[in-house]
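Chain letters run A, B, ... following the sequence lines, proteins first and then strands; every chain starts at 1.
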Protein chains: 2
Amino acid sequence: MAKLRTGNLDFDNEEVFPQLSLDCVIFGFHAGSLKVLLLKWKSREYWSLPGGWIRQMEDIDDAAIRILQERTGLDHIFLRQFYTFGKTERYDSQELSDKLSYIIDPRAWFDRTISIGYYALVDYAAVFPNPDEFTDECRWWDLEEVPELLFDHYDILKKALHSLRLELSYQPVGYNLLPEKFTMPEMMRMYEAILGRKIDPRNFQKKILHSGIVTKLDEVKRGVAHKSPYLYSFDRKKYQEVLEDGGLFII
Amino acid sequence: MAKLRTGNLDFDNEEVFPQLSLDCVIFGFHAGSLKVLLLKWKSREYWSLPGGWIRQMEDIDDAAIRILQERTGLDHIFLRQFYTFGKTERYDSQELSDKLSYIIDPRAWFDRTISIGYYALVDYAAVFPNPDEFTDECRWWDLEEVPELLFDHYDILKKALHSLRLELSYQPVGYNLLPEKFTMPEMMRMYEAILGRKIDPRNFQKKILHSGIVTKLDEVKRGVAHKSPYLYSFDRKKYQEVLEDGGLFII
């Protein structure tokens with residue numbers, strides 16, 4: 001098996017797949033807002049998505065989990081492979097080589113590479129962002145304020161967001177993002193933050209209840225304006241079933 | 001760039017990606033029934049999905065189109081990348097080597113390979129199935145009667161069917177599968193054949209009409225039992241819009 005021409009990359013002597021990489025779009029949700037985690041290259045104002053190489057001895061899902069763990073400190077998070085990017089001209093290699101040869105060996109990076117895209121959805125209050133060896137900052141950006149990104153990472157981000165929004169239509173979301181007990185308006189605001197648009201509250205509540213993924217508790221939320229709304233919690237067994245089957249069709 | 005150790009494969013001297021392949025699940029629809037196209041290995045009763053290698057100079061979508069075209073004779077078909085298969089132990093290499101070394105060089109095939117999965121949905125009456133150099137038969141199988149498949153192709157087939165069914169919930173289907181003019185029951189039977197289950201006719205008709213992807217014609221279908229049902233045709237512009245955006249939510 002060929003060892004990748006790694007330039008000044010350090011792969012701990014692990015053999016990796018040639019011409020194949022993995023990019024992670026890490027969405028963070030907290031208090032009604034959706035953000036994305038980006039890395040800033042050392043001593044420059046260049047930004048990109050977290051990513052890495054796939055080891056010969058590891059499943060690609062495990063490679064994604066490893067990269068995510070390295071950048072966020074989190075285990076056991078919702079992670080989804082969404083698309084593999086394989087156009088011959090994914091980006092302008094010459095431009096990238098000009099920009100990045102101060103820190104990496106362009107010969108190691110700019111052969112044609114196919115990249116497998118994963119997205120994650122995490123509670124961003126729980127994350128400790130951690131730059132990699134080429135970057136000196138790792139931080140959350142509002143989706144509306146994302147800067148220009150290196151490689152084809154802006155396209156990858158757009159595609160991830162589109163996939164996440166479509167998957168909302170048939171798969172449950174919210175476990176690990178909402179508090180253990182939550183109100184229907186809180187759950188709906190999470191959907192709205194991810195979708196970037198308003199949804200019809202009556203229809204939403206009806207479909208969520210019909211799906212069986214939440215249980216209505218015999219408890220109301222105190223200290224909020226107007227009448228106290230009921231609290232709900234996820235039915236983990238049903239939630240897991242629907243996650244595996246698809247077929248939720250909430251929105 | 002490394003040339004793949006190709007054994008007795010003939011790649012027309014094209015360089016291909018090392019350790020990366022592409023598998024196609026070709027679903028055929030006709031007269032209310034859904035089938036899948038499989039290849040039988042020469043002089044053996046072994047079956048597998050059509051597949052191939054990705055050339056260094058071609059987009060992965062173009063590789064899928066080329067492979068599909070070679071096996072079916074069809075251009076311009078609905079083709080969708082659905083998942084990349086990258087477990088370390090996708091299949092039992094020793095078993096495959098024992099079975100297939102009569103025709104291929106096992107060293108060229110059974111290094112760990114990651115495979116990008118595509119599915120297609122075609123009118124199977126329009127297809128001229130065409131085996132490749134390792135196979136002597138290419139034919140349609142009913143989904144309920146699919147034989148044991150080589151490699152991890154049965155898992156790939158299951159995942160493709162699951163993806164197709166989920167995508168039905170937000171993307172239009174039917175163009176090139178239904179006649180130019182069709183009735184609502186005909187369209188609904190196509191959905192039922194793909195989903196493998198009954199759906200609610202009133203809800204279906206309401207959502208399809210609301211989506212705008214079909215236009216009601218000022219014409220009824222003659223010669224059918226009971227009262228003559230109205231004919232519809234696809235609104236191609238709207239169909240294309242919804243295909244690009246997602247967000248149909250029919251079922």
Side-chain angles (χ1 to χ4, degrees), chain A residues 1-5 15-22 54-64 80-90 107 111-118 159 161-171 195 197 199 203 207 242 244-251, chain B residues 1-5 15-22 54-64 80-90 107 111-118 159 161-171 195 197 199 203 207 242 244-251:
Chain A
M1 285 176 271
K3 191 162 186 323
L4 188 71
R5 286 175 288 143
E15 285 187 344
V16 297
F17 269 74
Q19 295 185 263
L20 194 61
S21 65
L22 196 149
I54 298 155
R55 295 175 182 162
Q56 289 286 354
M57 303 301 286
E58 102 192 312
D59 290 357
I60 54 175
D61 283 356
D62 291 339
R80 178 80 59 191
Q81 187 204 111
F82 68 95
Y83 196 71
T84 294
F85 297 84
K87 284 195 191 299
T88 44
E89 309 212 340
R90 288 178 46 212
R107 288 170 306 172
D111 261 358
R112 183 182 165 200
T113 299
I114 289 174
S115 185
I116 306 174
Y118 280 79
K159 181 88 175 175
L161 185 60
H162 188 68
S163 302
L164 169 61
R165 287 173 173 173
L166 289 179
E167 294 199 353
L168 277 199
S169 69
Y170 57 81
Q171 284 182 333
L195 289 167
R197 63 174 171 84
I199 51 183
N203 215 12
K207 288 190 179 178
V242 176
E244 279 159 23
D245 290 356
L248 184 60
F249 310 129
I250 285 179
I251 35 178
Chain B
M1 285 176 269
K3 191 161 186 316
L4 189 71
R5 286 175 288 142
E15 285 188 344
V16 297
F17 269 73
Q19 295 186 263
L20 193 61
S21 65
L22 196 149
I54 298 155
R55 295 174 182 163
Q56 289 287 354
M57 303 301 286
E58 101 193 311
D59 289 357
I60 56 175
D61 283 357
D62 291 338
R80 178 80 59 190
Q81 188 204 111
F82 67 96
Y83 196 71
T84 294
F85 297 84
K87 284 195 191 299
T88 44
E89 308 212 340
R90 288 178 46 212
R107 287 169 306 171
D111 260 359
R112 183 184 164 198
T113 299
I114 288 174
S115 185
I116 305 173
Y118 279 79
K159 180 88 178 177
L161 185 59
H162 188 67
S163 303
L164 169 62
R165 287 172 173 173
L166 288 180
E167 294 199 354
L168 277 199
S169 69
Y170 57 81
Q171 284 182 333
L195 289 168
R197 62 175 170 85
I199 51 183
N203 215 11
K207 288 189 179 181
V242 177
E244 279 159 24
D245 290 356
L248 184 60
F249 312 127
I250 286 178
I251 38 179

- Item | Shortest non-hydrogen contact from Arg112(B) toward Arg55(A) | NH1-O, 3.2 Å
- Message: Which residues pass the side chain to side chain contact (heavy atoms under 4.5 Å, CB included) test with Ser115(B), not counting sequence neighbours?
- Response: Ser21(B), Asp23(B), Arg90(B)
- Rounded to the nearest 0.5 Å, what's the gap from CG on Leu20(B) to CD1 on Ile116(A)? Could you check? 7.5 Å
- Message: If I take atom NE2 from residue His162(B) and atom CD from residue Glu244(A), how far apart are they, to the nearest 0.5 angstrom?
- Response: 9.5 Å
- Query: Counting heavy-atom pairs under 4.5 Å to chain B, which of Asp62(A), Ile54(A), Asp61(A), Ile114(A) comes out on top?
  - Reply: Ile114(A)
- Query: How many angstroms lie between CG in Asp59(A) and CZ in Phe85(B), if you round to the nearest 0.5 Å?
  - Reply: 13.0 Å
- Scanning both residues in full, the closest heavy-atom pair of Thr88(A) with Glu58(B) reads CG2-C, 3.4 Å
- Task: Keeping the roles fixed (side chain from Gln19(B), backbone from Phe17(A)), state whether a donor-acceptor pair exists under 3.5 Å.
- Result: no
- Message: Heavy-atom cut-off 4.5 Å, strictly under: side chain, backbone, both or neither for Tyr83(B) against chain A?
- Response: both
